Number of protein chains: 2
Amino acid sequence: MKKNRRTCDVPDATIHRLPLYLEKLKLLQAIGVEDVSSRQLAESLDIKASQLRHDFHYFGGFSRPGRPYQVNKLVPALEQIIGISEPQPTAIVGAGHLGQALANYQNLEMHGFPVQGIFDVNPKLIGLEIRGQPVLDMDEIETVIGREGIRIAILTVPATAAQAVTDRLVAAGVVGIFNFAPTDLKVPEGVIVRNERLAVGIMSLSFKVNCAVKAARKKASKPDGE
Amino acid sequence: MKKNRRTCDVPDATIHRLPLYLEKLKLLQAIGVEDVSSRQLAESLDIKASQLRHDFHYFGGFSRPGRPYQVNKLVPALEQIIGISEPQPTAIVGAGHLGQALANYQNLEMHGFPVQGIFDVNPKLIGLEIRGQPVLDMDEIETVIGREGIRIAILTVPATAAQAVTDRLVAAGVVGIFNFAPTDLKVPEGVIVRNERLAVGIMSLSFKVNCAVKAARKKASKPDGE
DNA sequence: TCGCTTCTGTCAAGTTTTTCACAGCCTACC
DNA sequence: GGTAGGCTGTGAAAAACTTGACAGAAGCGA
């Protein structure tokens, strides 16, 4: 019980690295690597080995002193921690361009998130087949969420519709929302929202590009440093 | 000169908040709000006012003690800092589903990143019109990057092609790459890569959902706490 | 068996980021 | 004019995160 509680008391920074670890490990697994040391794994991710071990330490560690990590044990352990030991059925709400793109993105299923329903209100889109699945009418969403036990939904509707859709999703039992709409969502406690703001991403990039360009210019005009 | 250098010596965490500030401010501007205090702005973003002021402090501050921020001055100031005072022409490389979705995403242009070229190697896609622009052959990419002065590219090609395309982009003068391919890119110093890993995002979400569900179950079985 | 190397788990030190606290400025109202 | 209330800029305190250091376990070869 104590250990279980700890499992959730983990810094955000660590949480965001877990998927990266898992991804690399799956790659190693695919090419038949059996053992991997913290140093090897960390180097391939461009982080320090001590950080990786520290991250793993939150979960009690995955090996013993003297023994490297065993890829075949680490992969399922991480999958369990992330919550994808069992595939997590996922709904995509909003079958516009972005929704379609994500529905087509086979990596989602590969990573444990099979798309079990694509929904839209637009009659022109309903019935359209994407990777073998028809776009369904929003009216069916409660039924499908209940039937498939969907807990995670990907939101790709216009900002104006996002809150209303969110309310329906939450009422139907969805606990996690991956929000691509450029708006903030209000949800009751216990429901998790992750905002994926493309515009924010590209602006952060732009800031750094701006800095890099300035730095390069300065360097060019004063090649020997200040 | 001193001030300029400082402009780039800013924590990542702050950089990622700048676009959020700008977004909110534009919203306020659109509805005619003239003044805004750090507390008001911070509250709407669910952060502390002191953090916002601290962030602004990296750039010397945007007001004087006693006076709230003026929306109409803050917006262009942030745009300048982010590097979008002038629209930043942008290329999308890879016209698959995701590339098309992003090309259709009008918010990109609205935020200062007009798409000036969409490229692919697939003859079936070349010529396809997206928002009035034809998909171009990859062979033209160097020409277009040079002609339009493109510094930022969005990469939506398969992982296997990502590195080769990156090398071409960098050679042609691109300085910032917004990478949607699930692979790490090697670039020379001075070139900025921002990885947007959808799978990582949804796994982080899944971890938290998992925790929330566990917590809810525990609470249900022991309503009065431990 | 012994010594050597490699490895993890663990904790302390170091660094970065966030939050607090407050001096001083500005407006508005009495 | 004076005073109260609200505001920013600023630096110091607190919290969070990363890195370094090391004890002890395991494997390997002689």
Side-chain angles (χ1 to χ4, degrees), chain A residues 2-3 6-21 24-25 28 33-75 77-78 81 204 207-208, chain B residues 2-3 6-21 24-25 28 33-75 77-78 81 204 207-208:
Chain A
K2 208 173 193 177
K3 198 180 170 190
R6 228 184 215 169
T7 291
C8 288
D9 192 18
V10 172
D12 256 31
T14 294
I15 294 176
H16 292 315
R17 280 189 294 267
L18 294 179
L20 299 175
Y21 299 149
K24 276 280 187 250
L25 285 164
L28 293 176
V33 175
E34 292 184 1
D35 294 341
V36 65
S37 72
S38 59
R39 192 169 43 75
Q40 291 171 309
L41 190 51
E43 254 170 34
S44 75
L45 284 160
D46 215 22
I47 62 171
K48 293 278 192 295
S50 54
Q51 176 161 76
L52 186 149
R53 291 203 300 276
H54 202 296
D55 283 342
F56 285 3
H57 184 51
Y58 282 104
F59 308 102
F62 298 117
S63 179
R64 273 169 300 165
R67 304 230 42 188
Y69 301 108
Q70 292 173 259
V71 176
N72 286 329
K73 293 200 174 173
L74 204 37
V75 167
L78 284 177
I81 287 168
S204 307
F207 175 90
K208 291 186 187 171
Chain B
K2 207 172 194 178
K3 198 180 171 191
R6 224 183 218 169
T7 291
C8 287
D9 191 17
V10 172
D12 255 30
T14 294
I15 295 175
H16 293 316
R17 279 189 295 267
L18 294 179
L20 299 176
Y21 298 148
K24 276 280 187 247
L25 284 165
L28 293 177
V33 175
E34 292 185 0
D35 294 341
V36 65
S37 72
S38 60
R39 190 168 44 76
Q40 290 171 309
L41 191 51
E43 253 170 35
S44 76
L45 284 161
D46 216 22
I47 63 171
K48 293 276 193 293
S50 54
Q51 176 160 78
L52 185 149
R53 290 202 303 274
H54 206 299
D55 283 344
F56 284 4
H57 184 50
Y58 282 104
F59 307 103
F62 297 117
S63 179
R64 274 171 298 166
R67 302 232 45 187
Y69 301 108
Q70 291 174 259
V71 176
N72 285 330
K73 293 199 175 174
L74 205 38
V75 167
L78 284 176
I81 287 167
S204 307
F207 175 90
K208 292 186 187 172

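Letters go in sequence order (proteins before strands), and every chain restarts at 1. What you see is a predicted model; the values in this text were computed from it and never measured.
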- Task: Measure the distance from NE2 on A/H54 to P on C/dC11 and round it to the nearest whole Å.
- Result: 10 Å
- Task: Taking only the side-chain heavy atoms of B/H57 (C-beta and beyond), determine which of D/dA21, D/dG11, D/dT19 contains the nearest atom.
- Result: D/dG11
- What is the distance from CG of B/D55 to P of C/dT19, rounded to the nearest Å? 10 Å
- Message: Can you pull out the residues from residues 62-70 of chain B that lie within a 4.0 Å heavy-atom distance of DNA chain C?
- Response: B/R64, B/P65, B/G66, B/R67
- Item | Least distance between heavy atoms, B/V36 atom then B/P68 atom | O-CB, 3.6 Å
- Task: Taking only heavy atoms on the protein side, list every residue of residues 37-50 of chain B lying under 4.0 Å from any atom of DNA chain C, sorted numerically.
- Result: B/K48, B/S50
- Item | Closest heavy-atom pair and its distance - A/L52, A/I47 | CB-CD1, 4.4 Å
- Query: Just how far, in rounded Å, is P of C/dT18 from NE2 of B/H16?
  - Reply: 11 Å
- Query: Are A/D12 and A/R17 ion-paired here, with the side-chain N under 4.0 Å from a carboxylate O?
  - Reply: no
Return the polar atom pairs (N/O with N/O) between nucleotides 28-30 of chain D and the protein under 3.5 Å, or none.
none

- Message: Looking at A/D46, I want to see if its CG is surrounded by more than 12 non-hydrogen atoms of other residues, nucleotides or ligands under 6.0 Å.
- Response: no
- Note on the structure: In whole angstroms, the gap separating P of C/dT8 from CG of A/L52 amounts to 9 Å
- What's the shortest heavy-atom distance between B/F56 and B/L74, and which atoms? CE2-CD2, 3.8 Å
- Message: Taking the ring centre of each residue, are B/Y69 and B/F62 less than 6.0 Å apart?
- Response: no
- With distance as the sole test, does B/Q40 use its side chain to make a donor-acceptor pair with the main-chain N or O of B/S37 at under 3.5 Å? yes
- With distance as the sole criterion, is a donor-acceptor pair present between the side chains of B/Y58 and B/D9 under 3.5 Å? no
- Message: Please report the distance, rounded to the nearest Å, between CZ in A/R53 and P in D/dA21.
- Response: 12 Å
- Task: Whole angstrom is fine here: how far is it from OH in B/Y58 over to C1' in D/dT8?
- Result: 17 Å
- Message: What is the separation between atom CG on B/D12 and atom P on C/dT18, rounded to the nearest whole Å?
- Response: 10 Å
- Looking only at heavy atoms, what is the nearest atom pair of A/A49 and A/R39, with distance? CB-CA, 3.8 Å
- Task: Can you figure out which of D/dA21, C/dT18, D/dT18 approaches the side chain of B/R17 most closely?
- Result: C/dT18
- Task: Take atom CG of A/L74 and atom P of C/dT8, then tell me their distance rounded to the nearest Å.
- Result: 11 Å
